[in-house]
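Below is one structure, written out as structure tokens; comments come after it.
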Protein chains: 2
Amino acid sequence: MATSDPVYLRVVADIRRQIVDGSLPPGAPIPSRAQLTRKYGVGETAARHALRVLAAEGLIVGRVGSGHYVRDRPVLLPLHRWRFHDHHAPFGADIQSQGARATWEWRSEPAEASPDIAQRLRLDDSAPVTRTHYVFRGDGRPVQLATSYEPAEFSGPPAEESPRGLVARLSALGVKVTEIVEQVYTRVPQPAESDTLALPAGVHVLHVERTHWAGDRPVETSDIVIPGDRFRLVYAHSLHP
Amino acid sequence: MATSDPVYLRVVADIRRQIVDGSLPPGAPIPSRAQLTRKYGVGETAARHALRVLAAEGLIVGRVGSGHYVRDRPVLLPLHRWRFHDHHAPFGADIQSQGARATWEWRSEPAEASPDIAQRLRLDDSAPVTRTHYVFRGDGRPVQLATSYEPAEFSGPPAEESPRGLVARLSALGVKVTEIVEQVYTRVPQPAESDTLALPAGVHVLHVERTHWAGDRPVETSDIVIPGDRFRLVYAHSLHP
DNA sequence: GGCGGCAATTTGGAGCTCCAACTTTGGGGG
DNA sequence: CCCCCAAAGTTGGAGCTCCAAATTGCCGCC
């Protein structure tokens, strides 16, 4: 790191090093703004900026009136698991295997396809669809939001035992799901999402756009939003069934 | 939005709205700090902070001496595509289908397994492995970094036509890859990564940890790093081959 | 010994200012 | 007519300050 680097980055680098090498363990307090100015001989602005950057990276959290603390190590919960013949393990199986209690709520309503959804489902704009909102919780804390869209003709309630029993439900309707396509990317959470997921500032989300296909016809599409810092998507592909 | 919200968030929300609804198209200039203070009647600090937040969200870019501009719409390049019987399409096929020229470089070297890699490959610490670094480019711009680790006994050069011909190469050695497990998460880029990927400040990366298994034995593991804002991972799962 | 409230500390919002480095633009000179 | 340079504008780093809201610890009172 060149000495001509901004001073606030010097402070960031030094604290980050202490966090990753473990000399500042999870929960440990970070020196306050006043202490940092003295310790590193920088101004308030640089000290404050350094703390903001570290918070944005998800390494520390600030608590008003108390201080900044090293965040807990991410709890890596596999949320998605694919096997060839049993499609989806139901949500919850993985979370339960990690010792957490999985619960979810859902709410279904008729809606009109937005241009984006219409394109994904190959419908006309404003075509009737069924929209279902899900909130998934692990030990009561929300860990995943999802919104699912189905053409009105296929609509039906989520299965009791698992909201992800879509393939089975469609199969009962004579619709055979042949392919599932997912697009995964990361973005900044919308205010409503930070709210329901209780995201600290600066945390990004993983966004999964999933579409179920029956042949060349899309039969369901959903948007799945997951806090990007504490969860991992797990994909397991069996090559030889 | 409550009126008690921080003023800088009012500015952020207003500009963000204009960007997402299209009244500020990609490339359009954002008012300068001085203009924002006048337009919204806020202080320099708030105006500056608003611009910083929008830049961190990836909606705008700042160019020193020139101004802030609305960023181009993300170019969504599927980088990963799975089909049941042909495993991986070679890197490049997807990128080429979008009109870009795919190139890559790689560099192989013997190394000792770090504790993390040793655990992933079920080897002893410091066991000999072959480490291969890849840089993938689309139209000359780096779009993906990867580091692959193999136990030294399996090591061999990446195939000429595609560095991803791992399954075929191992098969020739009598090792049959039966499963591929991937963990996907998002994090802040390390300085070296921002550098090689030419990432603007505030952009996160997608990190894929991929392990190839032959039965219950891991035969290769790799870390794949992709700019999170302009690329999407695409997974296609065929349910009925 | 226990409890309530006050004072010190801390974060986070907001304001102002100065300056170095870089772009852009326009005007003047060759 | 074209080129180059200087002036004006802009970002980003850095400094200082004030204040509201929240937490924490301590002191004194019951």
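In what follows, every heavy atom counts, from backbone to side chain, and hydrogens, waters and symmetry copies are set aside. Letters go in sequence order (proteins before strands), and every chain restarts at 1.
- Heavy-atom minimum distance, A:S222 versus A:R120: O-NH2, 3.3 Å.
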Side-chain donor-acceptor distances from residues 24-34 of chain B under 3.5 Å, at least two apart:
{"from": "B:S32", "atom 1": "OG", "to": "B:Q35", "atom 2": "N", "distance (Å)": "3.4"}

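- Not one N or O on the side chain of B:T147 forms a donor-acceptor pair closer than 3.5 Å with the backbone of B:D223.
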Between protein and nucleic acid, restricted to nucleotides 15-17 of chain C and to nitrogen or oxygen atoms under 3.5 Å apart, what atom pairs and distances do you find?
{"from": "C:dG15", "atom 1": "OP1", "to": "B:G43", "atom 2": "N", "distance (Å)": "3.2"}
{"from": "C:dG15", "atom 1": "OP2", "to": "B:G43", "atom 2": "N", "distance (Å)": "2.9"}
{"from": "C:dG15", "atom 1": "N7", "to": "B:T45", "atom 2": "OG1", "distance (Å)": "2.5"}

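- Atoms NE2 (B:H49) and C1' (C:dA14) sit 10 Å apart, rounded to a whole Å.
- As rounded to whole Å, 11 Å separates atom C1' of D:dA14 from atom CZ of B:R52.
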Show me the donor-acceptor pairs within less than 3.5 Å that the side chains of residues 46-54 of chain A make with the rest of the protein, sequence neighbours left out.
{"from": "A:H49", "atom 1": "NE2", "to": "B:R52", "atom 2": "NH1", "distance (Å)": "3.3"}
{"from": "A:R52", "atom 1": "NH1", "to": "B:H49", "atom 2": "NE2", "distance (Å)": "3.2"}

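- Using a 3.5 Å distance cut-off with no hydrogens or angles, the side chains of A:S148 and A:T132 do not pair a donor with an acceptor.
- A:R63 places its CZ atom 14 Å from the P atom of C:dT10, with the value rounded to the nearest Å.
- Side-chain atoms of B:S114 and B:D116 form no donor-acceptor pair, as typed in the model, at a separation below 3.5 Å.
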Watson-Crick and G-U pairing of DNA chain C, under 3.5 Å, as dot-bracket with | and [ ]: ||||||||||||||||||||||||||||||
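- Phosphate proximity of D:dT10 to B:H68: absent, as no side-chain N or O sits under 4.0 Å from OP1 or OP2.
- Residue A:R10 contributes atom CZ, which lies 14 Å from atom C1' of D:dG13 at whole-angstrom precision.
- Contact check on A:E209 versus B:R232 returns a salt bridge, with a Lys/Arg side-chain nitrogen under 4.0 Å from an Asp/Glu carboxylate oxygen.
- In this entry the distance linking CD1 of A:I30 with C1' of C:dT9 reads 17 Å, nearest Å.
- OP1 or OP2 of D:dG13 lies within a sub-4.0 Å distance of a side-chain N or O belonging to A:Y8.
- Note that A:R131 lies outside the cation-pi zone of A:Y149, set by a 6.0 Å cut-off to the ring centre and a 45° limit from the axis.
- The cationic group of A:R63 lies under 6.0 Å from the six-membered ring centre of A:Y69 and within 45° of the ring axis, placing it in a cation-pi geometry.
- Taking atom OH of residue A:Y69 and atom C1' of nucleotide D:dA22, one finds them 12 Å apart after rounding to whole Å.
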Could you go through nucleotides 6-9 of chain D and list every protein N or O atom that sits under 3.5 Å from one of its N or O atoms, giving the distance for each pair?
{"from": "D:dG9", "atom 1": "N2", "to": "B:G65", "atom 2": "O", "distance (Å)": "2.9"}

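- B:Q18 pairs by the side chain to side chain donor-acceptor pair (under 3.5 Å) definition with B:D14, not counting sequence neighbours.
- Atom pair B:L36:CG and D:dG12:P shows a separation of 13 Å (rounding to whole Å applied).
- Proximity of a side-chain donor or acceptor of B:T196 to a complementary backbone N or O of B:A192 within less than 3.5 Å is detected.
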